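Take a look at the structure set out below.
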Amino acid sequence: MNKSETAVSPEITARANTLLEQMSLAEKVGQLAQISGADFMPGPPAEEIIRQTGAGSLLWLNDTKQFNELQKIAIEESPSGIPILFALDVIHGYRTIFPVPLAMAASWDTAVPEQAQAIAAKEARAAGIHWTFGPMIDIARDARWGRIVEGAGEDPYLGSAMAVAQVRGFQGDDLADPEHMLACAKHFAGYGAADGGRDYDPVFLSEAQLRNVYLPPFQAAVDAGVATFMSAYMDLNNVPASGNRWLLRDVLREEWGFDGFIVSDAFAVGNLVIQGHAKDVRDASYRAIKAGLNMDMASSSYLQTLADLVEDGSLAVEEIDELVRPILTLKMQMGLFENPYVDETLLEKVIALPEHRAAARLAAQRSMVLLRNEDNLLPLAKDWQNVAVIGPVADSMEATEGSWMVFGHQPAAVTVLQGIRAKLPEATVTYAPGPAIRRDFPSPFEDFMPELKKPPQTPEESDAAFETAVTTAQAADLVIMVLGEEAHMAGEFASRGSLDLPGRQEELLKAVCALGKPVVLVLLNGRPLSINWASENVPAILEAWEPGTEGGNAVADILFGDVNPGGKLPVCFPRNGNHAPLYYARTLTHQPEGSPMYRSRYWDSLTTPLYPFGFGLSYTTFEISNLQLSAAKVKVGETIEVTAVVTNTGQVAGDEVVQLYTHQKWGSDSRPMRELKGFERVTLQPGESKTVTFQLGPDELRYWSTNANGWVQEAAAFDIWVGADSLATLHADFEVVD
Ligand code: BGC
């Protein structure tokens with residue numbers, strides 16, 4: 001699907017206009033309100049609002065029967081009988097949970113998120129949910145920011161590809177398809193650049209940074225036909241994103257031609273007062289409407305004040321109509337008026353489909369990244385008799401499923417411990433969690449999900465758990481350590497100052513390694529971690545992220561060689577949380593790495609990443625060679641073709657992700673020393689070769705220039721590298737001429 005295929009037909013526009021003419025002002029305001037199905041919103045209960053005026057949408061409810069009951073009130077009792085859009089955060093699966101989005105980006109395979117979100121949509125629709133608040137496509141270059149887990153990492157090119165794949169997955173080819181759902185590109189825009197990685201803190205980005213780095217995934221989502229957008233919470237250059245006319249009207253609607261609707265982030269209209277932008281609730285609504293924000297998520301500011309603002313002439317009714325129209329047209333386009341109810345027997349049938357679990361396992365396998373494998377310790381043979389699985393997340397379903405498992409979701413993941421036990425039915429597999437890990441400050445999610453609350457451990461209990469873990473490891477022949485972060489250590493409200501393994505995990509890792517047994521480290525986490533000691537002392541490290549329902553099976557498939565890992569990092573791994581933000585696509589300095597005076601940017605540590613963007617190992621080896629360009633020179637506007645040959649030079653079949661990076665050597669602005677401009681994940685048998693082809697045209701070679709104050713494609717020389725990560729050395733030059 002693309003933008004033209006989701007464009008509103010003249011018939012639907014006419015139908016929406018007729019409906020608009022019949023609606024009272026109160027009903028129009030109702031359509032601009034997204035009300036809460038949980039007890040989080042001030043004002044009258046949801047049923048009452050629906051009965052009186054109808055409601056554009058309802059969120060934070062996850063109950064099929066109640067969806068039908070509320071829908072019945074909207075249709076049979078509200079004045080115009082307009083059906084409600086039910087919305088929920090279906091971020092990486094509904095019942096079948098897929099790897100977190102950061103992990104799916106690590107697959108470098110757009111089929112992974114596309115299929116995952118198609119299945120998520122099918123399950124969620126069967127539960128009665130029409131609209132998801134995804135994909136989250138914020139570029140994140142600061143690993144301290146908790147929400148890095150929800151996006152595709154640091155790179156706009158990879159991020160745009162993943163954004164498009166997710167929009168396709170959620171929405172399918174036709175908005176009226178009852179097995180798909182409306183997608184929502186969020187959080188518009190710049191949220192990932194919060195100062196210091198502190199969630200919600202202000203963001204300061206130049207127009208060049210916005211246009212070249214943070215906005216491309218959003219524009220790609222518009223081009224892919226995304227139905228809705230969500231405005232972000234934070235101040236962007238001192239103007240809250242949810243009251244930001246430049247973002248919501250000038251860029252999104254006028255420049256990009258977006259014709260769906262925009263919902264605020266939760267309570268964000270009301271927050272305009274708290275953030276010091278609006279004088280009071282009335283002023284907040286006024287500013288949000290003027291900025292072009294269609295739907296007020298849960299703050300009830302619109303419900304409280306819009307009618308007055310129109311009645312006293314502050315806002316024209318036409319301004320309200322303009323914002324209601326796309327909500328009505330989308331409801332019409334998706335067939336909600338014809339099919340407002342959900343068949344309450346459908347969900348159980350849909351979630352039982354075996355292909356959903358198979359897809360989740362495949363997605364998890366393809367997302368995992370092998371970070372270290374000294375002396376080919378991996379893959380492990382399957383005849384180990386006595387295996388210890390150690391670590392606080394080894395048997396945690398929550399950590400395996402990851403963030404956004406809220407609103408009544410029951411965790412049901414195969415943990416790593418379970419996956420290993422299933423893989424080695426004959427072996428003795430012992431388990432000890434070691435000391436518990438906890439946040440210093442609990443997550444607000446714990447307030448409404450008490451099951452997440454973990455009682456604190458006393459120092460004595462922690463010591464005892466430590467001892468038990470070491471003795472359990474001592475008694476085994478092979479130790480698999482499963483360390484990382486619990487689910488609510490990444491995500492919203494989950495930024496950190498440090499990137500170290502939380503709690504006593506590294507201490508435990510050192511104690512276990514001192515036993516002299518073979519040790520494999522599996523990481524379950526939602527962000528890069530600064531695993532410096534492990535990177536030098538633990539022979540095998542598998543980054544498994546938060547891998548979802550089938551995560552434990554996928555880990556076991558990889559550890560024991562049924563699957564060869566081929567994922568690559570979508571983010572740099574910094575050596576220290578203090579190094580964030582850290583990303584590969586920086587501009588050159590006058591003393592670049594490698595120059596005689598260059599040692600490190602800090603005198604007390606290396607500032608290069610511990611693992612670079614694009615990095616990941618395999619159980620086989622690859623060679624990338626024979627870099628060819630279709631021409632040494634092309635004219636501005638022309639396309640150059642780049643080819644390279646990738647060969648599996650090892651003993652087993654495997655996947656390599658061939659990556660193309662460019663660098664414009666001079667121009668109006670300094671350009672990043674490397675920028676990803678193409679990638680392809682290929683599967684090769686031992687000895688097999690494949691030629692990979694990339695096109696570099698005006699879209700890849702242009703950029704938004706501060707000096708020129710606009711988009712430019714310039715006559716200049718370019719470097720090209722093709723290789724297996726962002727440090728690729730296979731190089732060529734070409735020139736763009738006038
Ligand atoms: C988050 C959004 C989410 C919304 C609705 C907010 O707190 O920032 O990402 O979609 O809540 O649950």
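Whatever order the structure lists ligands and atoms in, that order sets their numbers, starting from 1. Keep in mind that this is a model prediction, so the values were computed, not measured.
A salt bridge does not link Arg282 with Asp280: every distance from a Lys NZ or Arg NE/NH1/NH2 to an Asp or Glu carboxylate oxygen is 4.0 Å or more. Using a 4.0 Å cut-off between charged nitrogen and carboxylate oxygen, Arg253 and Glu322 do not count as a salt-bridge pair. For Glu492 and Lys186, the salt-bridge test fails: no basic side-chain N is under 4.0 Å from an acidic carboxylate O. Of the charged side-chain nitrogens involved, at least one lies within less than 4.0 Å of a carboxylate oxygen, so that Lys65 and Glu69 count as a salt-bridged pair.
In this structure, Met136 does not count as a contact residue of ligand 1, since none of its heavy atoms falls inside 4.0 Å of the ligand. For His187, the heavy-atom gap to ligand 1 drops under 4.0 angstrom. In this structure, Trp404 has a heavy atom closer than 4.0 Å to ligand 1. Heavy atoms of Phe267 stay at 4.0 angstrom or farther from ligand 1.
Here the rule is ring-ring contact (aromatic ring centres under 6.0 Å, His included) with Phe229, and of Phe261, Phe188, Phe133 only Phe188 fits it.
A distance-only check finds no donor-acceptor pair linking the side chain of Asp265 to the backbone of Ala268 [under 3.5 Å].
By the criterion of a heavy-atom distance under 4.0 Å, the side chain of Lys186, and not its backbone, is placed next to ligand 1. Residue-level proximity to ligand 1 for Arg147 is carried by the side chain, the only part with a heavy atom below 4.0 angstrom.
In summary, the atoms of ligand 1 found under 4.0 Å from a heavy atom of Glu492, numbered by their order in the structure, are 1 (C), 6 (C), 7 (O), 8 (O). The distance from ligand 1 to the heavy atoms of Met230 drops below 4.0 Å at these ligand atoms: 10 (O). Heavy-atom contacts of Tyr233 reach the following atoms of ligand 1: 6 (C), 7 (O), 8 (O) (cutoff under 4.0 Å).
Counting protein heavy atoms only, atom 2 (C) of ligand 1 is closest to Asp265 OD1, 3.3 Å. Looking only at heavy atoms of the protein, atom 5 (C) of ligand 1 is closest to Asp89 OD2, 3.2 Å.
Under the salt bridge (charged side-chain N to carboxylate O under 4.0 Å, His left out) criterion, Asp283 pairs with Arg287, sequence neighbours left out. Partners of Glu543 by salt bridge (charged side-chain N to carboxylate O under 4.0 Å, His left out), not counting sequence neighbours: none found.
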